[in-house]
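Residue indices begin at 1 and follow the sequence shown.
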Amino acid sequence: MIQRTLAILKPDCVRKNLIGKVIKRIEAEGFKIIALKMVKLNSKTAGEFYTVHKQRPFYYDLVSFMSSGNCVPMVLEKENAIEDFRKVIGATDPAKADEGTIRKMYADGKEQNIVHGSDAPETAAYEISFFFSTRELVENL
Ligand code: IDP
Ligand code: MG
């Protein structure tokens, strides 16, 4: 089934000038980028995006990191996109990520891990709508 997932190139990815390399990899893995923009989250919007982690000890730091610079959210489309993209990015902690995954290749740590990927169909739908209006999703214009 053709699926959509939300990817975010996080502020560390943008700061390290890795936007191009990561997008190249995403396209090489067969994902179609159907929407893309650059945004800077503030602590309110970053906090809202990660609200499921509100009770976690790393929440405050995560919100501060995600609002520390520009991000590049994008909508990716592919067969089985959600699960397949999680495989391409690798485990949350790059030290535990498989060889060749984006986080293993580029991330400095468990928090600053280069890229976000939705984890289920419901979260993907919510996260896509968080960043993109229907009119920004190319097919509906
Ligand atoms: P995921 O991005 O692999 O789905 P989640 O558990 O959903 O991982 O956590 C969301 C984000 O919060 C991670 O990508 C990472 O940036 C940050 N994070 C997760 N666990 C930790 C931690 O133990 N310490 C610091 N930051 C963390
Ligand atoms: Mg997650």
Is the closest side-chain heavy-atom distance between [X] and [Y] below 4.5 Å?
| X | Y | value |
| --- | --- | --- |
| L36 | I23 | yes |
| N70 | P11 | no |
| F58 | H53 | yes |
| D84 | T5 | no |
| D12 | V14 | no |
| K40 | C71 | no |
| L9 | M38 | no |
| D98 | K104 | no |

Before giving the answer on side-chain contact (heavy atoms from CB on, under 4.5 Å), spell out for Y50 and R56 the whole-Å C-alpha distance, their side-chain angles and the decisive distance to 0.1 Å. CA-CA 10 Å; Y50 278 116; R56 311 284 287 276; over 6 Å; no
Using a strict 4.0 Å threshold on nitrogen-to-oxygen distance, state whether E77 and R4 make a salt bridge. yes
When you check the gap from the basic side-chain N to the acidic O, do E29 and K87 get nearer than 4.0 Å? no
Could you walk me through whether R25 and M105 pass the side-chain contact (heavy atoms from CB on, under 4.5 Å) check? CA-CA 11 Å; R25 173 68 182 279; M105 290 170 75; 3.6 Å; yes
Candidate pair N42 and T45, rule side chain to side chain donor-acceptor pair (under 3.5 Å), full reasoning: CA-CA 5 Å; N42 59 34; T45 47; 3.0 Å; yes
Begin from the C-alpha positions of D108 and K16 and carry the test side-chain contact (heavy atoms from CB on, under 4.5 Å) through to its verdict. CA-CA 11 Å; D108 289 333; K16 290 162 90 175; 3.3 Å; yes
[X] atom [atom1]: more than 12 heavy-atom contacts under 6.0 Å:
| X | atom1 | answer |
| --- | --- | --- |
| Y60 | OH | no |
| K32 | NZ | no |
| K54 | NZ | no |

If you apply the rule side chain to side chain donor-acceptor pair (under 3.5 Å), what do you find for R86 with S118, and how did you get there? CA-CA 8 Å; R86 297 282 303 191; S118 306; over 6 Å; no
Which atom pair, heavy atoms only, marks the closest approach of K10 to N113? NZ-OD1, 2.7 Å
Nearest non-hydrogen partners of A81 and L76, listed with the distance: CB-O, 4.3 Å
Please check if M66 and Y126 belong to a single hydrophobic cluster, counting links between Ile, Leu, Val, Met, Phe, Trp and Tyr side chain heavy atoms closer than 4.5 Å. yes
Quick one: do F65 and V63 end up in the same hydrophobic cluster if we chain Ile, Leu, Val, Met, Phe, Trp and Tyr together by side-chain heavy atoms under 4.5 Å apart? yes
Exactly one of V88, V72, I102 clears side-chain contact (heavy atoms from CB on, under 4.5 Å) with V115, and that residue is I102
Applying side-chain contact (heavy atoms from CB on, under 4.5 Å) to E136 and F131, what does each step give before you reach the verdict? CA-CA 9 Å; E136 289 175 298; F131 286 104; over 6 Å; no
For F49 and F130, take the angle between the two ring planes, folded into 0 to 90°, and tell me which bin it lands in: parallel under 30, tilted 30 to 60, perpendicular over 60. perpendicular
How many angstroms lie between CD in E27 and NZ in K78, if you round to the nearest 0.5 Å? 14.0 Å
Determine whether the aromatic ring centres of residues F85 and F31 are separated by less than 6.0 angstrom. yes
